[in-house]
Colleague: 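Attaching a single structure in structure tokens format; questions to follow.
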Amino acid sequence: MAQVILKNLSKIYDGKNPVRAVNDCSLEIKDKEFVVLVGPSGCGKTTTLRMIAGLENISGGELIIDGQVMNAVPPKDRDIAMVFQNYALYPHMSVYENMAFGLRIRKVPRKEIDVRVHEAAKILGIEDLLKRKPKALSGGQRQRVAVGRAIVRQPKVFLFDEPLSNLDAKLRVQMRAEISFLHENLNATIIYVTHDQVEALTMADRIVVMKDGEIQQVGTPMELYNSPANMFVAGFIGTPPMNFMNVFVEFDHGSYYLNEGSFRLKANMLHDSILSPYAGKKIVMGLRPEDFTFCMRGEVDRTINGTVSVVEPLGSETNVFVSTPSNTITGRISPTATVHKGDSISLMPTMAKAKFFDMESGKAII
């Protein structure tokens, strides 16, 4: 397998109004690493993947695979395999022929093709489907065939472009596990694109969060969840997303307080050094839904009072949306707790877990 390095990679679509789809992105992907590019539609993640594949010309910067600059190397000579969102199977060919086609083009001996196809089919559990045509397959089976076609190539790098987006929820969960299992067994370098942050959190060694063609943060799933670099990452990673509140930092009798107007919370002493430069200023405080305890009677400087507006039972947990005079705050409680729409309730945040962001730049205050 191979290391993949992006050095100041850029993509500009020329025209009357040029569009910069990817802007000065630098990233080092280690050999055998599973890296997921994630972000909203139009953030540049698929364009970045297509530049790695050679399906888009590189406007600026360098792409290096296994120590070789690939900017001018044709896609067929990059030793990569790509799995597309729409499977891209040949409808007139059998599963076997679809998986073998790329090897035949490369003039691989017939016996070796047969061995590779059957090995891949065994790994993916589709040995009994080799004689079928794509129209006789389910969505999940077609996706396995598309992955199998990539596996038989034995490439240095596997590229996945939102491969699970056309599957139903149950099958997506199953295929996530299968692709992760595949990574472990192939010891492959995998670059995977998705807009689904659950896929990113559950599959990746490292996640690359993108927005407006730029990399916002790179890290392990838990690094991004627990230490987001800015408000965008904090709000994008996690379901339901982090709650944001504009607060005024007050210093009173040796302690820091966060005054939102409708509530005033005493800060945790762990954050004194973070908050001291912002005394007398406004910042953004972030708290995740699981960072709240629900109680019926609030304590001064420790709770946020509001009214339950929505209750979402999810089986293993329940999301509760609480309306305050200036915000709607999402909390998470045990499914055995009794909360009803219209209840007056108090939220007690775990202030040690609060995150703080600069109001102008949106960057984390650390």
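The model shown is predicted, which means the values in this text are computed figures rather than measured ones.
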Colleague: Give every donor-acceptor pair under 3.5 Å between a side-chain atom in residues 68-81 and any protein atom, sequence neighbours left out.
Modeller:
{"unit_1": "Asn71", "atom_1": "OD1", "unit_2": "Leu63", "atom_2": "N", "d": "2.9"}
{"unit_1": "Asn71", "atom_1": "ND2", "unit_2": "Gly61", "atom_2": "O", "d": "2.8"}
{"unit_1": "Arg78", "atom_1": "NE", "unit_2": "Val73", "atom_2": "O", "d": "2.8"}
{"unit_1": "Arg78", "atom_1": "NH1", "unit_2": "Met51", "atom_2": "O", "d": "2.9"}
{"unit_1": "Arg78", "atom_1": "NH1", "unit_2": "Ile52", "atom_2": "O", "d": "3.0"}
{"unit_1": "Arg78", "atom_1": "NH2", "unit_2": "Met70", "atom_2": "O", "d": "2.9"}
{"unit_1": "Arg78", "atom_1": "NH2", "unit_2": "Val73", "atom_2": "O", "d": "3.0"}

Colleague: So, using side chain to side chain contact (heavy atoms under 4.5 Å, CB included) as the criterion, who are the partners of Ala136 when residues are at least two apart?
Modeller: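 Expected list: Arg132.
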
Colleague: Would you please name every residue forming a ring-ring contact (aromatic ring centres under 6.0 Å, His included) with Tyr96, sequence neighbours left out?
Modeller: His118

Colleague: Please name all residues satisfying ring-ring contact (aromatic ring centres under 6.0 Å, His included) with Phe236, sequence neighbours left out, ordered by chain then number.
Modeller: Phe232

Colleague: Could you tell me whether Lys122 and Glu127 make a salt bridge, using a distance below 4.0 angstrom between a side-chain N and a carboxylate O?
Modeller: no

Colleague: Can a donor-acceptor pair be found, under 3.5 Å and without considering hydrogens, that links the side chain of Ser309 to the backbone of Phe321?
Modeller: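 Present.
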
Colleague: Does any donor atom in the side chain of Thr239 or Gln197 lie under 3.5 Å from an acceptor atom in the other side chain?
Modeller: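 Side-chain D/A pair, Thr239 to Gln197: present.
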
Colleague: Do the side chain of Asn98 and the main chain of Met93 share a donor and acceptor less than 3.5 angstrom apart?
Modeller: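 A pair under 3.5 Å: yes.
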
Colleague: Would the distance check show the side chain of His183 and the main-chain N or O of Lys32 forming a donor-acceptor pair, the cut-off being under 3.5 Å?
Modeller: yes

Colleague: Using modelled atom types and a 3.5 Å cut-off, is there a donor and acceptor pairing between side-chain atoms of Arg50 and backbone atoms of Glu56?
Modeller: no

Colleague: Kindly assign one of parallel, tilted or perpendicular to the pair Phe34 and Tyr192, based on the angle between their ring planes and the thresholds 30° and 60°.
Modeller: tilted

Colleague: Closer than 3.5 angstrom, by distance alone: can the side chain of Asn246 be matched with the main-chain N or O of Val284 as a donor-acceptor pair?
Modeller: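 Not confirmed, Asn246 side chain does not pair with Val284 backbone.
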
Colleague: Is a side-chain donor or acceptor of Thr202 paired with a backbone partner of Glu199 at a separation under 3.5 angstrom?
Modeller: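 Looks like yes, one N/O pair under 3.5 Å.
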
Colleague: Quick one: side-chain hydrogen bond (donor to acceptor under 3.5 Å, both in side chains) pairs with a partner in residues 82-93, sequence neighbours left out?
Modeller: Gln85-Ser165

Colleague: Taking Asp196 first and then Arg176, would you say they form a salt bridge - that is, a charged N and a carboxylate O separated by under 4.0 Å?
Modeller: no

Colleague: Do we see a donor-acceptor contact under 3.5 Å between the side chains of Asn305 and Ser346?
Modeller: yes

Colleague: Does the side-chain contact (heavy atoms from CB on, under 4.5 Å) test come out yes or no for Thr189 and Phe158, once each step is laid out?
Modeller: CA-CA 6 Å; Thr189 302; Phe158 287 89; over 6 Å; no

Colleague: Please identify each residue that fulfils ring-ring contact (aromatic ring centres under 6.0 Å, His included) with Phe251, with sequence neighbours left out.
Modeller: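 Scan of Phe251 (ring-ring contact (aromatic ring centres under 6.0 Å, His included), adjacent residues dropped) gives Tyr256.
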
Colleague: Other residues, nucleotides and ligands only: do more than 12 of their heavy atoms fall within 6.0 Å of CG on Leu314?
Modeller: yes

